[in-house]
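By convention in this document, chain letters (A, B, ...) are assigned in the order of the sequence lines, proteins followed by strands, and residues within each chain are numbered from 1. Computation of the quantities below employed the complete heavy-atom set of this structure, encompassing side-chain atoms and omitting hydrogens, waters and symmetry-equivalent molecules. Remember, predicted model here, so these are calculated numbers, not experimental data.
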2 protein chains.
Amino acid sequence: MEELKVLIVDDEERMRKLVNDFLTAKGFKVLEAADGEEAIDLFCAEKDIALILLDVMMPKMNGWEVLKAIRKISKVPIIMLTARGEEQDELQGFKLGVDEYITKPFSPKILTARVDAILRRTGRSKSDVTEAAGITIDKTAHEVRVDGKTVDLSYKEFELLDYFIQNKGIALSRENILNNVWDYDYFGDARTIDTHVKKLRAKLGPSGEAIKTIWGMGYKFEA
Amino acid sequence: MEELKVLIVDDEERMRKLVNDFLTAKGFKVLEAADGEEAIDLFCAEKDIALILLDVMMPKMNGWEVLKAIRKISKVPIIMLTARGEEQDELQGFKLGVDEYITKPFSPKILTARVDAILRRTGRSKSDVTEAAGITIDKTAHEVRVDGKTVDLSYKEFELLDYFIQNKGIALSRENILNNVWDYDYFGDARTIDTHVKKLRAKLGPSGEAIKTIWGMGYKFEA
DNA sequence: CCCATAGCTTAAAGGAAACGTAAGCTTAAA
DNA sequence: TTTAAGCTTACGTTTCCTTTAAGCTATGGG
């Protein structure tokens, strides 16, 4: 499989590193730009950038200006990164050709989920239906089926189950789960995970037994 | 295989020595820094440091500040060392970019396990499945198989067996085992080991005979 | 062959981790 | 503003693991 290029544009070094880490781990080639000019230069120089992640709040040239400039030369998919409370401009954004929004702070799973969704839409990514232990996850429909029957899961439950299944057979510490499924600035009680696991097990019925407890260690999904 | 560099940052001499000894024994090249400034200087001077172990509680510049400073220039993997019950509110917002935590006191095995896990994730380490005397240890799945059949081991049993197999053919004194598998400040009865060995032998069946008693000395794992 | 020492076994106390329930809080919808 | 849903936290309960203690057995030197 070819290595897709993603460009992250943000003035904050930390944010770029964060996104770079997550997406590199997922097998993308990540390019970084610290401001709008750099972004446009880089976009023109590099061929076949598959997706751009664009921060709205930047000094000098803000995200909307960068967006407009890039839309003049390309219809590459663009995801805007906004801080909570900045969403008022969304309608304007969609008119200008924004494909998706991510609100900061976000979890690694959200990031990769949105990126996957976009690439799927533009036909550059693989299937989005996974199956394990009688559980089927359909990310496009955001739907879970157990033995054919649809099960209603909350948002977090869905994310958690998806993470388990993506890492089936691997023992996961609570710390690991917290870092990957929850927002990057979340610091909470690890017991929160226990509660969600409990709910998942209940909703999944017998298939829920696939989520094993590893005493003194964490959890593991096993078919 | 290349010799990976690990940097330990802690104001306590004892802790640095401890970590240095453990990791040197595991074939790492260990560098020490007694405070944040020294750490940053050293990190900039030395090329290709593969991993940083960073204590949180330090005078002058604390671990979080060091973390932020280093994250500005690099995305090197970082493991934070925290004391049990340390003020967790200050963690808010600083979590960004930490790969793993280790709570003091820890056992050498925990230390090397986390280090290995990180390096595995960043693709700089080898496989984590070992086999000896018909016993297979899979650290990723946190699973032990004897002649193909999965055997349920408790946390300590798992750690102990792993230590035996890593040191197969080597006679280990009880003191040695206590120092390596138990927390570094644990001072318990050596009979504790006997009990765990007994359970291991029972659970491993005939393969359990690979754990030999060396009278007046300790134990040895031999295929 | 006996004794001292080291190791083995068992059971039970104690502790730590996980579970279950419910209440509090936050966010989104009506 | 009210309502509802989901997320998080708190806490008592339960389960499981670790350690200790005590008696028993094996080993090897005298």
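Counting only heavy atoms from C-beta on, A:Arg201 has its side chain closest to C:dC19 among D:dT18, C:dC19, D:dT8. Comparing D:dG6, C:dC8, D:dT8 by their nearest atom to the side chain of A:Trp182 picks out D:dT8. Distance from the side chain of B:Ser154 is smallest to D:dT18 among D:dC7, D:dT19, D:dT18. Between D:dT18, D:dT20, D:dT9, one nucleotide has an atom nearer to the side chain of B:Tyr155 than all others, and that is D:dT18. The side chain of B:Asp194 lies closest to C:dC8, out of D:dT18, C:dC19, C:dC8. Here the side chain of B:Asp189 is nearest to one of D:dT20, C:dA18, D:dT9, namely D:dT20. When distances are taken from the side chain of B:Trp215 to each of C:dA18, D:dT19, C:dT5, the shortest belongs to C:dT5. Among the nucleotides D:dT9, C:dC19, C:dG7, the one closest to the side chain of B:Arg174 is C:dG7.
Take the nearest nucleotide of DNA chain C for A:Gly216 and for A:Lys198: the residue whose nucleotide is more 5' is A:Gly216.
Results of the side chain to side chain donor-acceptor pair (under 3.5 Å) test with B:Lys104 over B:Asp183, B:Thr82, B:Asp55 single out B:Asp55 as the only residue that passes. With respect to A:Val144, the side chain to side chain contact (heavy atoms under 4.5 Å, CB included) criterion is satisfied by exactly one of A:Leu153, A:Leu200, A:Thr150: A:Leu153.
In this structure, A:Asp99 contributes its side chain and A:Ile78 its backbone to a donor-acceptor pair below 3.5 Å.
For C:dG7, one of the phosphate oxygens OP1 or OP2 lies less than 4.0 angstrom from a side-chain nitrogen or oxygen of B:Arg191. Put simply, A:Tyr219 has a side-chain N or O that comes within less than 4.0 Å of OP1 or OP2 on C:dC19. Dashed line: the shortest gap from a side-chain N or O of B:Thr213 to OP1 or OP2 of C:dC8 is under 4.0 Å.
Counting only Watson-Crick and G-U wobble pairs whose two distances sit under 3.5 Å, DNA chain C takes part in these stems of three or more pairs: C:1-13 with D:18-30, C:15-30 with D:1-16.
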Between A:Val98 and A:Trp64, does a side-chain contact (heavy atoms from CB on, under 4.5 Å) hold up when you go through it step by step? CA-CA 10 Å; A:Val98 170; A:Trp64 303 116; 4.1 Å; yes
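When the side chain to side chain contact (heavy atoms under 4.5 Å, CB included) test is applied to A:Ile170, the partners found at least two apart in sequence or on another chain are A:Asn167, A:Leu172, B:Thr140.
One can place NZ of A:Lys220 at 18 Å from C1' of C:dA18, the figure rounded to the nearest angstrom. Rounded to an integer number of Å, the gap from CG of A:Leu200 to P of C:dA18 is 17 Å. To the nearest angstrom, C1' of D:dT18 lies 13 Å from CG of B:Leu178.
The aromatic rings of A:Tyr155 and A:His142 lie parallel to each other, their planes meeting at an angle below 30°, with 60° marking the opposite boundary.
Counting only N and O atoms by type, the side chains of A:Arg201 and A:Thr213 include a donor and acceptor under 3.5 Å apart.
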